Amino acid sequence: MLKRLIKIAIISMISGSIVFAANFNAQAEKDRKAFVNYFLKKFQDPVKNHAQYFPYVSVAEIKKDYRYPLSFQDFQDGSLAWYKPSREQFAELNEFPAYSLEVDDGEALWNKPFANGKTYSSCFPKGPGVRNDYPYFDTKTNEVVTIGQAVNACRVKNGEKPYKYGKGKIAKVIAYMAFKSRGKKIHVTIPSMAAAKAYEHGKKEFYKQRGYLSLSCNECHVKSAGKRLRAESLSPALGQTTEMPVYRVKGNGTLLTLQARLAGCVKGTGAEKPKLQSKTLRDLSYFLTYMSNGMKLYGPDTRK
Amino acid sequence: MKQFNKKGEKMIIVNRLLAATLVSMLGFSAVNAASNDALVKEGRKVFVTKKLGNCLACHTVQNDPNIPQAGNIGPKLSNMDTYPKEYIFNKIWDPNKTNPNTVMPPQGRSHKISKHQIDALVAYLQATAKAK
């Protein structure tokens, strides 16, 4: 009798938390659908929706420079999706893309044995084409794991020194992995209540106003997406993680990881630059990537 | 002669006095105009400089087509001379007060720019409306 009671109690506890997680997933899906629909509507007909979404952009500029309507997958192109002048400029640049050298370097690093004779393949049994499996929530450590962390964990496990995050060799290795993952779909899941917490934290960070400019990711990449900040065409948050690592032509050209890009934008608001792979940036990337679930990757890519 | 001279001297003194006040009046307003010009100039610098107001990131300005690479997030700032100075000042100090949902940053409240620099911005914006 007692055994049975305990059994029932345990079962109901377990199913309770499953129901809870399921409810949470339903909520997150609601977030995501609203997010996607906002962008689809906004870019369906910016001339017709002018007053609602683009009140201060001249209709003449929209007619001349904007590309629309945009499909879900179109958002993969970031600011190039809607801004014709950038799109044309980058189509030309990408005839001989600068990032292809980085991909070659990354491939060489991928294949070069560590001191112990093993390679990255020993940690990534499915091969390099797994960019779309990251970030994911690890239910053992209860943390979000990024692709950069996975690469470095592999190095450390094999007795190598971890790479510095953000750019350089780590970006090259990820660029090769991304290249091999082109066309694969983002599929972030929220497997537990701890994961739900990480998602909620990331979401909070996305909407939080920062720095002396009091700006949030939302204000620049949702509300102001499809507008220009100076000459910079602002990319919609939808699809933002699909082209990572991103080759920025600015300056002498740098290949940047998603972590570096996020930290750069936080700093741009006048807030202190967060540490790469901090909980804040990892949870933010988790939320942001979840919002683009189902979108095909095309990384690395070139941007301003 | 002496008498005349004396008279003359008096006249000269009066004339001098008049002239002096006139000059000082003129001089005063000239200084005023010059200081307003300086303020307008400073305001424009605050407007276009990334590390200062960086207002052009979002706004174009009436009658100042040479503003480089202005963004299109905020409205074109025109007819600013028809707005009360305080309205413009307050908008720049903290736009959330009149519009809680605005994306415009509160650069006065957050001390990114000083009160003096905001005065300069107001002077610049109002001057652009007159510079036809």
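Order of the sequence lines fixes the chain letters, A, B, ..., with proteins taken first and strands second; residue numbering starts at 1 for each chain. Quantities reported herein were computed from a predicted structural model and do not represent experimental measurements.
Between the CZ atom in R109(B) and the OG atom in S214(A) there is a gap of 5.0 Å [rounded to 0.5 Å]. The CD atom of Q69(B) sits 9.0 Å away from atom CD of E232(A), with the distance rounded to the nearest 0.5 Å. Here Q209(A) contributes atom CD and S110(B) contributes atom OG; the two are 11.5 Å apart, rounded to the nearest 0.5 Å.
For residues 83-104 of chain B, the interface with chain A (any heavy-atom pair closer than 4.5 Å) comprises N101(B), T102(B), V103(B), sorted by residue number.
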(request) Please report the C-alpha distance between I73(B) and K223(A) in whole Å, then the side-chain angles of each, then the deciding distance to 0.1 Å, and finally whether the side chain to side chain contact (heavy atoms under 4.5 Å, CB included) criterion is met. (result) CA-CA 9 Å; I73(B) 297 175; K223(A) 282 193 199 172; over 6 Å; no
(message) For L229(A) and C58(B): C-alpha separation, side-chain torsions, deciding distance, then whether side chain to side chain contact (heavy atoms under 4.5 Å, CB included) applies.
(response) CA-CA 6 Å; L229(A) 187 76; C58(B) 299; 4.0 Å; yes
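R228(A) places a side-chain N or O within 3.5 Å of a backbone atom of A70(B) that can act as its donor or acceptor partner.
Open room surrounds NZ on K275(A); 12 or fewer heavy atoms of other groups in view lie less than 6.0 Å from it. Heavy-atom neighbours of Y56(A) OH from other residues, nucleotides or ligands within 6.0 Å: at or below the threshold of 12. Enclosure of atom NZ in K304(A) by more than 12 non-hydrogen atoms of other residues, nucleotides or ligands within 6.0 angstrom is indicated.
Among all heavy-atom pairs drawn from P106(B) and L213(A), the shortest one is CD-O, 3.8 Å.
In this structure, chain A has no heavy atom under 4.5 Å from any part of K76(B).
Of the listed residues (P105(B), A57(B), P68(B)), the greatest number of heavy-atom pairs within a distance under 4.5 Å of chain A belongs to A57(B).
Partners of D283(A) according to the side-chain hydrogen bond (donor to acceptor under 3.5 Å, both in side chains) rule, which considers only residues two or more places apart in sequence or in another chain, are H201(A), K279(A).
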